[in-house]
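Naming convention: chains lettered A, B, ... in sequence-line order (proteins, then strands); numbering from 1 in each chain.
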2 protein chains.
Amino acid sequence: MSLIIQKYGGSSVADAEGIQRVARRVVATQRAGHQVVVVVSAMGDTTDDLLDLAGQVTDDAPAREMDILLSAGERISMALLAMAVDSNGSKARSFTGSQAGMLTDVYHGEARITRVSPTRIQEAIDDGNVAIIAGFQGMSPESKDITTMGRGGSDTTAVALAAALNADACEIYSDVDGIFTADPRVVPAASKIDEISSEEMLELAASGSKILHLRSVEYARRFGVKLHVRSSFTEQEGTWVIPDEQETIQLPEGQPMEQPIVSGVAHDTSEAKVTIVGVPDIPGKAAEIFQVVASSNTNIDMIVQNPSRAGAGATDISFTVPLDQTKEAIAALRDAQAGIGFDDVTHQRNIGKISLIGAGMRSNPGVSATFFDALHRAGANIDLISTSEIRISVVTAEDKLAAAVQEIHNAFGLDAEEEATVHGGTGR
Amino acid sequence: MSLIIQKYGGSSVADAEGIQRVARRVVATQRAGHQVVVVVSAMGDTTDDLLDLAGQVTDDAPAREMDILLSAGERISMALLAMAVDSNGSKARSFTGSQAGMLTDVYHGEARITRVSPTRIQEAIDDGNVAIIAGFQGMSPESKDITTMGRGGSDTTAVALAAALNADACEIYSDVDGIFTADPRVVPAASKIDEISSEEMLELAASGSKILHLRSVEYARRFGVKLHVRSSFTEQEGTWVIPDEQETIQLPEGQPMEQPIVSGVAHDTSEAKVTIVGVPDIPGKAAEIFQVVASSNTNIDMIVQNPSRAGAGATDISFTVPLDQTKEAIAALRDAQAGIGFDDVTHQRNIGKISLIGAGMRSNPGVSATFFDALHRAGANIDLISTSEIRISVVTAEDKLAAAVQEIHNAFGLDAEEEATVHGGTGR
């Protein structure tokens, strides 16, 4: 008998009606002949509400207690969903992350899964139950404490269980119809992708697409799990995300084998650009700079080095960092300025990053040409550039971002014939 | 070092402010030189809200899932309280009922404690922590499932821990100042009792007093735990409930040793009276009747048998039952009417039970006289009467209840010089 893992996000179980809707789908899946394991998030905004409550009590909560608090949200939704499935005629049992065998490290709030031992889950489904598991949480065997996994934790729980239980598929449900060729709120002409490789999905997620969390995509890719990203509000097929070895990309008929296959355009406004001006052109200086930035625990994305505007014998180094880490990075650099000997450090917050993702873009000069031409038509400057085998990214001024994304989407033939229906979904 | 258990009810932790207030008190208690273990209920109306949510999803929830759902409430408040204690400068760790070693039977929703093994709690407090435990819940070692204990469960958790940890006292906090000589909302002249025996408290709780649950009083009595019932909103002493062997009742100066010591007057409007008219005066008939009532799972309180109004050779049997079990009891009796041979079964819903409780009432004819005289002055009829060594109860018509309670309270010298301050507390 086939086994399907289904993950339902907070918007799918936002209220009693949503829970009932999900329960009916779960029971229908079981009746179609599958074993079903469900991973569920907290209802609606529960996690944020609990965080808010904690903030009213203290602004420095012990991490152990915060995880105990936050894990309550999923416990509530899992129990309610089990009740709803039962009332629809199927036996159901709910399990905490700990009871489901999700073992993690000790890092509260951002725990990583170390092992999955879903013995009780296997017993439950072999006994004809629907097993319902609280997402986002696990247990550290070292401390015997409950841990939560950070953003994307519920998706990761689902993928981890799919891998451990050897599931045939892992369905990720939210309030959007699937992965789109671009954000439909920015590009109305965006269309739903039917199938995409894990590798491309990884790049999309890393480049700003918010539907699937990077972490769960990587987990799926590494363990060969097939993901199906779809809406809990319709019966339509969503987007299949297939691990690379299993991929069967269909070339449109008549298209030459060497044509690049472009999957989509992502954008990201969550970064700032930091520029260190006038770095002495001496070996080792760049390394010192990045050590300083690393010591402030800042994540660096794109990096570019240019001859300095300041004059000969110096370079300018620019890189992008998350907006909310910019202050710390700059402070650390200013502290080190005298020691390293650069002239200045400047930053720019209103930038946007545009990424074109596609499987067949390697060694294809036509792609870069079309890409930069589209940027030019949109009036967008080209600041930093970064490429990989399946991605081209540029940083440009934020005010031209939407126009540039639309132009690129159009230039690569991604525009749909009809506009995408935007449910106003958040993708949760 | 002395050890104090403190139990805080839902009204004490109804919001962030209440949680902070409780945290300050907990820390102050620790700083005064005690080890402190706290048992906490769910915030405010959380339990009722969760029940309501479940009701929106289904009206026949599996018991296992209901317990998982309800236990979330205490987990939220215990984590928030631990955060608040920590922010007030004391180390704190929260524990679920299961982690605290509260082992129970398998009866979901009304689980009974089978064993208490508070090893982790002892370690935590010996390590200088305040230990905070979720009340109302435990774990069944047989099924490995979470169980909840029914009404009064948090009080019982606290008393059970006090017994298992050999605590010096168990403080029960709510929004009322203590146990009163009568319900202050019915008798404005009621006053706070300073000290009362467990045995009398048992009678008071069984007779309608709602401050302490019968079950936790019985547990305290059996295991010799001293209870201190007080308000979390003031620093004043509340009511000490002392196990009988430890009791030191102070007689007012000059009072003869044989004078009855009356503790208080309780009333109860939650029962109905059922009368079976014309029961054949044949050996075994009464037993048949009570077997029928027992088979409908109805709790019987007071019983009275009188020669029947219907005629010689028959008796009328009356008894009181909870209002919400009356229909089932009568239905069961009607089904058995032909077989047993009685004439009719009638019932009366608007009755009230008044109970006078006191340690020294045995063999004191003056007590009954004063009691019935007060009832007469209030214009209250005397329907059923029932007595024990420390209690006299009568059933009377509900509309005279308040007046009767006030007269009795006054007749036994219980009226305070000033009126009690009623905070509008619920006692939770």
Heavy-atom donor-acceptor pairs under 3.5 Å, chain A with chain B:
residue: A:Gln20; atom: NE2; partner: B:Val57; partner atom: O; Å: 2.6
residue: A:Val57; atom: O; partner: B:Gln20; partner atom: NE2; Å: 2.6
residue: A:Arg64; atom: NH1; partner: B:Ser94; partner atom: O; Å: 2.9
residue: A:Arg64; atom: NH2; partner: B:Ser94; partner atom: O; Å: 3.1
residue: A:Glu65; atom: OE1; partner: B:Ser94; partner atom: OG; Å: 2.5
residue: A:Glu65; atom: OE2; partner: B:Ser94; partner atom: N; Å: 3.1
residue: A:Ser94; atom: N; partner: B:Glu65; partner atom: OE2; Å: 3.1
residue: A:Ser94; atom: O; partner: B:Arg64; partner atom: NH1; Å: 2.9
residue: A:Ser94; atom: O; partner: B:Arg64; partner atom: NH2; Å: 3.1
residue: A:Ser94; atom: OG; partner: B:Glu65; partner atom: OE1; Å: 2.5

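A search for side-chain contact (heavy atoms from CB on, under 4.5 Å) contacts involving A:Ala167 returns A:Leu3, A:Ile5, A:Ala162, not counting sequence neighbours.
In this structure, the portion of B:Met43 lying under 4.5 Å from any heavy atom of chain A is its side chain and not its backbone. Within the 4.5 angstrom heavy-atom criterion, only side-chain atoms of B:Ile146, from C-beta onward, approach chain A. Looking at A:Ile19, the atoms closer than 4.5 Å to chain B (heavy atoms on both sides) all sit in the side chain, from C-beta outward. With a 4.5 Å cut-off on non-hydrogen atoms, B:Leu69 touches chain A through its backbone and its side chain both.
Under the ring pair (Phe, Tyr, Trp, His ring centres under 6.0 Å) criterion, no residue pair touches residues 134-153 of chain A, with sequence neighbours excluded. Annotation: salt bridge (Lys or Arg N to Asp or Glu O under 4.0 Å) contacts involving residues 129-141 of chain B, sequence neighbours excluded, are absent.
For the set B:Gly73, B:Ala23, B:Ala54, the entry with the most heavy-atom pairs within less than 4.5 Å of chain A is B:Ala54.
Taking every heavy atom of both residues into account, A:Leu80 and B:Leu53 meet most closely at CD1-CD1, 3.7 Å.
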